[in-house]
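Labels below follow one simple rule: chain letters A, B, ... track the order of the sequence lines, proteins then strands, and each chain is numbered from 1.
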Amino acid sequence: MKPSLEVNIHNLVLKNPVMTASGTFGYGPEFEDFFDPSVLGGIFVKGTTGKLRQGNPYPRMAETPMGMLNAVGLQNKGVDGFISDIYPKIKHYGTHLIVNVSGSTVEEYIEVAEKINALEHIPAIELNISCPNVKEGGMAFGTSCPSAAAVTRAVREVYHKTMIVKLSPNVTNIAEIAQVVEGAGADAVSVVNTLLGMAINAETRRPVLSTVTGGLSGPAIKPVALRMVWQTAKAVKIPVIGLGGIMTATDAIEFLLAGATAVQVGTANFIDPTVCPKIIAGIESYMIRHETEDIKSLINGLITV
Amino acid sequence: MKPSLEVNIHNLVLKNPVMTASGTFGYGPEFEDFFDPSVLGGIFVKGTTGKLRQGNPYPRMAETPMGMLNAVGLQNKGVDGFISDIYPKIKHYGTHLIVNVSGSTVEEYIEVAEKINALEHIPAIELNISCPNVKEGGMAFGTSCPSAAAVTRAVREVYHKTMIVKLSPNVTNIAEIAQVVEGAGADAVSVVNTLLGMAINAETRRPVLSTVTGGLSGPAIKPVALRMVWQTAKAVKIPVIGLGGIMTATDAIEFLLAGATAVQVGTANFIDPTVCPKIIAGIESYMIRHETEDIKSLINGLITV
Amino acid sequence: MKKFIHDFHIIENKDLNPGHFVLTLKPEVNLPPIFPGQFAEVRIDGSTGTFLRRPLSFHDVDYDANTITLLVQRKGDGTNRLAVMKPGDTINMVYPLGNSFHIGSSGERALLVGGGCGVAPLLYLGKILAKNGIRVTTLMGARSEEYIMEPERYKGHGELLLTTEDGKAGTKGYVIHHEVWRERNFSFDRVYTCGPDPMMKAVARLAVRHQVPCEVSLEQTMACGVGACLCCVIETNEGNKCTCTDGPVFDPNDLKNWLE
Amino acid sequence: MKKFIHDFHIIENKDLNPGHFVLTLKPEVNLPPIFPGQFAEVRIDGSTGTFLRRPLSFHDVDYDANTITLLVQRKGDGTNRLAVMKPGDTINMVYPLGNSFHIGSSGERALLVGGGCGVAPLLYLGKILAKNGIRVTTLMGARSEEYIMEPERYKGHGELLLTTEDGKAGTKGYVIHHEVWRERNFSFDRVYTCGPDPMMKAVARLAVRHQVPCEVSLEQTMACGVGACLCCVIETNEGNKCTCTDGPVFDPNDLKNWLE
Ligand SMILES: Cc1cc2nc3c(=O)[nH]c(=O)nc-3n(C[C@H](O)[C@H](O)[C@H](O)COP(=O)(O)OP(=O)(O)OC[C@H]3O[C@@H](n4cnc5c(N)ncnc54)[C@H](O)[C@@H]3O)c2cc1C
Ligand SMILES: Cc1cc2nc3c(=O)[nH]c(=O)nc-3n(C[C@H](O)[C@H](O)[C@H](O)COP(=O)(O)OP(=O)(O)OC[C@H]3O[C@@H](n4cnc5c(N)ncnc54)[C@H](O)[C@@H]3O)c2cc1C
Ligand SMILES: Cc1cc2nc3c(=O)[nH]c(=O)nc-3n(C[C@H](O)[C@H](O)[C@H](O)COP(=O)(O)O)c2cc1C
Ligand SMILES: Cc1cc2nc3c(=O)[nH]c(=O)nc-3n(C[C@H](O)[C@H](O)[C@H](O)COP(=O)(O)O)c2cc1C
Ligand code: FES
Ligand code: FES
């Protein structure tokens with residue numbers, strides 16, 4: 001029997017729990033040569049802001065042990081550019097398209113969310129209150145309970161489809177932030193965005209990144225991300241979408257066991273542009289091997305006794 | 001000319017900035033076959049508590065991408081056992097011996113610190129308010145400003161030599177904790193202890209560690225540790241001792257450039273038991289190559305303009 | 001025992017069956033004394049999945065040739081990487097680590113019980129025991145005929161008994177089902193065992209029943225191998241002990257819940 | 001242009017000098033069309049220091065033999081790992097990536113200026129230009145004689161000019177010091193250049209002075225190579241562009257602060 005990989009995030013039905021993480025998959029066309037995007041559970045598109053942004057100066061990337069730092073800083077065409085230039089090309093992808101909504105002010109989040117709310121083929125947004133690479137807003141919203149609640153509540157007023165909030169790992173207590181965001185109307189949370197890190201070139205004595213610090217992603221952060229998913233899933237009733245360092249089907253299953261209802265694959269797309277279909281196939285063969293008929297039985301399946 | 005590697009941590013003069021991190025070098029004798037401990041700038045011995053502790057159940061270790069999780073949980077002979085069994089064997093090592101003081105209650109920290117204060121050959125303690133692997137105390141002290149201040153202040157009353165406080169990276173704002181600890185009388189801070197992480201065995205669907213979560217160390221955490229050292233060094237006037245993922249002389253120099261006055265080498269001792277003398281030699285040859293006469297000119301030497 | 005860190009060159013890498021291979025290695029210096037039961041912490045380069053060293057027992061030590069051998073089971077990234085290493089390649093080892101098996105006195109009879117890859121340390125042990133005038137019987141439990149590894153080498157210093165799960169070679173079943181354990185057959189002064197924990201526990205209980213001393217060799221996961229990290233602990237009647245320094249060889253009577 | 005992800009087998013790994021080597025690689029399938037200036041993102045296994053792929057230009061493409069070559073400079077973990085790979089070893093590549101050099105019309109004369117390892121893409125470019133009836137002059141700047149790499153291959157499709165820093169071969173100095181740039185000697189319709197940024201900037205300014213179009217090939221650090229991560233940006237007059245998709249070949253007139 002073919003196992004069922006279907007999961008639900010609020011009222012989105014995902015054909016499988018494997019989605020691509022914002023900022024790591026472009027808008028989808030970048031990977032069309034490698035596989036059909038409709039095989040994915042969903043695509044989280046690049047962080048989208050009120051106006052076009054150029055992002056941070058080059059250099060924006062540093063390789064680290066089993067990970068990377070980025071300081072892209074929300075370069076994007078702005079919500080109007082997204083709607084006019086990109087949306088028409090991807091709206092018929094046959095998978096859920098979720099816009100990662102970013103901003104410097106609550107007003108900017110509201111503006112973007114309102115405009116995205118009007119798009120027929122975008123069933124959900126992901127509020128990015130955890131971008132470590134912008135001077136204003138971003139992570140600042142996601143690292144304190146009152147501001148996380150405020151932006152969530154404000155966007156909730158104008159956005160009427162599935163609203164996911166993406167949390168920052170750079171906090172003392174992620175479960176607390178998740179609870180606050182749940183209370184403010186989030187339908188799901190994504191855990192986690194990048195860890196704030198830094199790289200130095202000892203020869204030149206300069207930071208590698210133009211912004212000095214950047215966001216750490218990749219396998220290096222997986223143990224931290226997994227722990228945070230586990231803590232968050234125990235603290236909230238809304239679904240948790242797990243991410244951070246997922247490279248293989250086994251990694252994805254670990255996140256499900258820790259309490260994630262679905263996962264996002266980020267940096268791994270850079271290492272292997274065909275990684276997502278491989279992860280989906282790997283989950284399926286794990287389920288066949290373990291005689292698991294419904295993937296939902298893996299979610300929160302960690303045995304701790 | 002032979003460059004000078006000497007640095008000062010409060011009133012300790014270190015022959016070089018390379019020390020071994022608590023819990024990763026035993027008490028020193030474990031490595032005597034590999035090199036003479038007197039070459040080190042200092043040795044931070046294993047976390048020491050009021051009474052003998054058995055630590056957490058096995059398994060206590062999980063390998064992760066370029067890192068490891070541990071959940072040792074402060075297994076040690078207790079301060080009296082340290083004084084009677086270990087201290088006599090190491091007191092003439094010819095390097096600074098620093099006891100990592102741990103506890104579940106403020107009273108326990110005070111008890112250990114008082115007893116260590118009486119030992120002639122122990123010029124400093126490191127208050128471990130950041131152990132993620134004990135149910136009581138440990139990290140709980142280090143993740144809130146009031147409790148970090150309270151334990152620091154209490155120990156300061158009874159401990160009259162150099163008092164270093166070891167900070168937890170599992171916080172929203174490490175600079176803030178560092179400032180509070182400085183205000184409470186710390187002579188230096190160590191940045192950082194392990195990141196709280198988790199590993200799951202997808203086949204058995206169980207956590208790998210008996211305690212579910214554990215402390216992440218090794219190169220994987222270096223970008224985060226480096227960032228925290230940089231943030232802390234800008235926020236306090238007392239010296240910062242940097243650690244987290246240092247494997248090479250280049251890594252050590254990066255921490256100095258970020259603002260650390262000295263460094264500790266932890267997990268790397270497991271990978272190469274001779275790594276510390278190699279790092280010391282590597283720093284020296286870097287200095288010769290860069291015509292740096294005094295290592296103090298590297299400290300905080302990051303060029304950000 | 002002084003510990004060293006040395007580079008070893010691979011002289012030979014021989015597959016025994018799909019799951020196991022034997023590496024013969026030579027250091028650039030003369031081998032220091034190594035006792036049966038000791039192990040090395042092996043650095044595995046060229047694999048992103050192996051950050052820590054891997055503990056592997058000395059399978060054999062040949063002071064004349066100045067070589068050592070390791071018997072390795074493919075498990076994950078590290079051992080799979082070792083499996084493809086070629087003569088001339090170099091691996092770094094920290095060694096010799098841990099305590100060693102107790103060598104009885106001349107004339108004794110010893111039963112060495114190995115399951116699967118657990119036979120690894122028993123070859124060198126058998127050789128040293130025989131050299132010390134002890135009569136050696138090795139009881140090897142294999143999944144199937146294919147997994148009976150290097151039988152001739154064990155026969156070189158004593159008797160070899162076999163069990164296989166399907167009974168195609170030796171006795172059918174596990175090592176504990178071998179007739180050597182029957183009251184009338186059992187004529188040993190000491191039992192040594194290495195293999196999966198459940199097997200060793202069963203063997204240890206049989207040794208107790210036969211009222212002979214027994215030694216077991218444990219395989220707790222390790223980070224440092226030198227007693228520094230306290231990761232490899234086993235609960236004993238005197239509290240947690242380190243498998244890497246107090247072990248890997250233990251008297252099962254000292255281990256908590258081992259004989260229940 | 002359709003992108004692929006294929007395994008390639010190493011056919012040959014030839015050292016040119018202590019810092020550079022040439023890999024000849026063959027895929028298991030037929031090569032797709034590849035244009036001069038394009039690059040591959042190469043996965044480097046067996047090195048703990050290389051998590052990301054490494055971008056390397058196509059140095060040559062041979063459709064008859066179904067092989068490609070890469071000219072690689074040893075820099076760090078990744079390229080040092082490639083340097084020791086042997087015939088038969090496999091590497092995985094995502095390719096062909098990026099735009100390509102503009103091919104002028106038959107009868108044109110082109111000057112290809114490469115510094116150090118920057119000559120890598122200019123071999124294949126020269127071959128294709130020549131095939132299209134363009135007269136090719138390659139100006140190669142090397143640190144010293146030893147670093148003049150594969151001169152015969154460039155001479156196969158045109159003229160080769162040289163500069164070395166000590167003047168032991170060709171003109172003494174850098175590529176910009178070569179007499180070809182003198183007013184009376186300069187007779188080209190187009191300049192192509194690849195090498196260190198300062199060299200390319202100087203070359204681009206010379207091209208402007210001679211009022212001919214110029215193309216430069218950039219080497220920004222990359223994570224994805226396919227336009228997804230936005231890490232490899234270069235400031236242009238129209239805002240940030242991706243070197244991996246909008247480049248690596250650019251008109252220096254479009255690049256901010258490049259001709260100042
Ligand atoms: C004292 C001792 C002696 C040993 N002797 C031998 C021997 O002679 N031959 C042999 O084939 N195997 C031996 N082992 C087991 C061997 O160490 C593991 O099979 C090996 O580490 C697996 O590594 P891997 O990368 O292939 O697999 P991984 O995928 O890393 O792990 C597979 C399994 O091995 C365990 N393991 C991983 N890393 C370690 C570690 N650092 N320490 C201990 N266990 C680990 C894991 O918990 C897991 O269950 C011995 C172990 C110990 C402790
Ligand atoms: C489009 C393009 C084409 C190139 N073509 C060639 C070529 O044909 N031959 C050749 O020898 N080199 C070429 N390079 C440069 C080559 O990519 C780097 O030298 C190589 O990535 C260094 O890797 P490493 O692991 O050896 O060194 P590292 O120690 O990782 O790095 C050494 C230097 O290379 C840079 N680098 C590291 N990773 C990357 C990356 N993912 N992307 C870009 N730069 C990086 C670092 O910033 C550092 O300055 C090209 C680069 C680009 C962008
Ligand atoms: C280059 C890059 C760009 C990113 N851009 C965004 C973004 O625009 N919005 C966002 O919420 N997260 C962004 N992220 C974070 C990822 O979506 C993801 O949370 C993080 O990388 C951890 O997952 P991973 O380890 O699987 O990559 C970016 C990450 C990378 C590496
Ligand atoms: C096995 C192990 C045991 C540790 N025990 C202690 C301890 O007792 N007290 C303490 O303050 N830190 C302890 N640490 C943390 C280290 O001292 C250090 O802060 C951390 O490992 C980060 O440095 P590294 O990446 O260089 O290992 C331990 C770390 C490891 C890996
Ligand atoms: S492995 Fe570190 S103490 Fe045994
Ligand atoms: S390298 Fe990712 S966009 Fe160019």
Side-chain angles (χ1 to χ4, degrees), chain A residues 62 64-69 143-144 168-173 177 195-207 212-216 218-231 245 247-258 286 289-290 298 301-305, chain B residues 62 64-69 143-144 168-173 177 195-207 212-216 218-231 245 247-258 286 289-290 298 301-305:
Chain A
T64 68
M66 288 306 272
M68 64 175 277
L69 289 164
T143 52
S144 97
S168 171
N170 302 295
V171 296
T172 309
N173 188 340
I177 308 260
L195 278 160
L196 192 63
M198 177 174 174
I200 293 174
N201 181 330
E203 289 304 310
T204 61
R205 302 194 188 176
R206 290 176 186 275
V212 185
T213 60
L216 183 64
I221 72 166
K222 195 188 81 171
V224 174
L226 206 52
R227 181 262 297 182
M228 289 188 164
V229 165
W230 187 67
Q231 290 177 326
M247 298 284 286
T248 65
T250 308
D251 294 334
I253 290 160
E254 290 167 21
F255 276 87
L256 298 180
L257 293 170
Y286 172 97
R289 191 155 46 79
H290 285 261
L298 293 179
L302 191 70
I303 308 166
T304 52
V305 283
Chain B
T64 68
M66 287 306 272
M68 64 176 276
L69 290 164
T143 51
S144 97
S168 171
N170 302 296
V171 296
T172 309
N173 187 341
I177 307 260
L195 279 160
L196 193 63
M198 177 172 174
I200 292 174
N201 181 330
E203 288 304 310
T204 62
R205 302 192 188 177
R206 291 177 184 276
V212 185
T213 60
L216 183 64
I221 72 166
K222 195 188 81 170
V224 174
L226 206 53
R227 180 264 295 183
M228 289 190 163
V229 165
W230 187 66
Q231 291 178 323
M247 297 286 284
T248 64
T250 308
D251 295 335
I253 289 160
E254 290 167 20
F255 276 87
L256 299 180
L257 293 170
Y286 172 96
R289 192 156 45 80
H290 285 260
L298 293 178
L302 191 71
I303 307 166
T304 50
V305 284

- Item | Top contributor to chain A contacts, counting heavy-atom pairs under 4.5 Å, from B:L69, B:V229, B:I221, B:L226 | B:L226
- Query: With chain B, which of A:M247, A:M228, A:Q231, A:R289 has the greatest number of heavy-atom pairs at distances under 4.5 Å?
  - Reply: A:R289
- Heavy-atom proximity to chain A below 4.5 Å, by part of B:Y286: side chain
- Side chain / backbone / both / neither for A:L256 at chain B, heavy atoms under 4.5 Å: neither
- Task: Mind ranking A:T204, A:N170, A:L216, A:V305 by heavy-atom pairs under 4.5 Å with chain B and telling me who comes out on top?
- Result: A:N170
- Task: Select, from A:A258, A:A220, A:P223, A:G197, the one with the greatest count of heavy-atom pairs under 4.5 Å involving chain B.
- Result: A:P223
- Top contributor to chain B contacts, counting heavy-atom pairs under 4.5 Å, from A:T143, A:V212, A:T213: A:V212
- Item | Between A:M66, A:K222, A:R205, the one whose heavy-atom pairs under 4.5 Å with chain B are most numerous | A:R205
- Query: Do you know which of B:G245, B:P207, B:A62 has the most heavy-atom pairs under 4.5 Å to chain A?
  - Reply: B:P207
- Query: Do you know which of B:L196, B:N201, B:L257, B:D251 has the most heavy-atom pairs with chain A at a distance under 4.5 angstrom?
  - Reply: B:L196
- Note on the structure: Of B:S168, B:S144, B:P65, B:G214, the largest count of non-hydrogen pairs under 4.5 angstrom with chain A goes to B:P65
- Task: Find the distance between CD1 (B:I200) and CZ (B:R206) and round it off to the nearest 0.5 Å.
- Result: 12.5 Å
- Query: Which region of B:I253, side chain (C-beta onward) or backbone (N, CA, C, O), has a non-hydrogen atom less than 4.5 Å from a non-hydrogen atom of chain A, or is it both or neither?
  - Reply: side chain
- What residue, out of B:N173, B:V224, B:T304, has the most heavy-atom pairs lying under 4.5 Å from chain A? B:V224
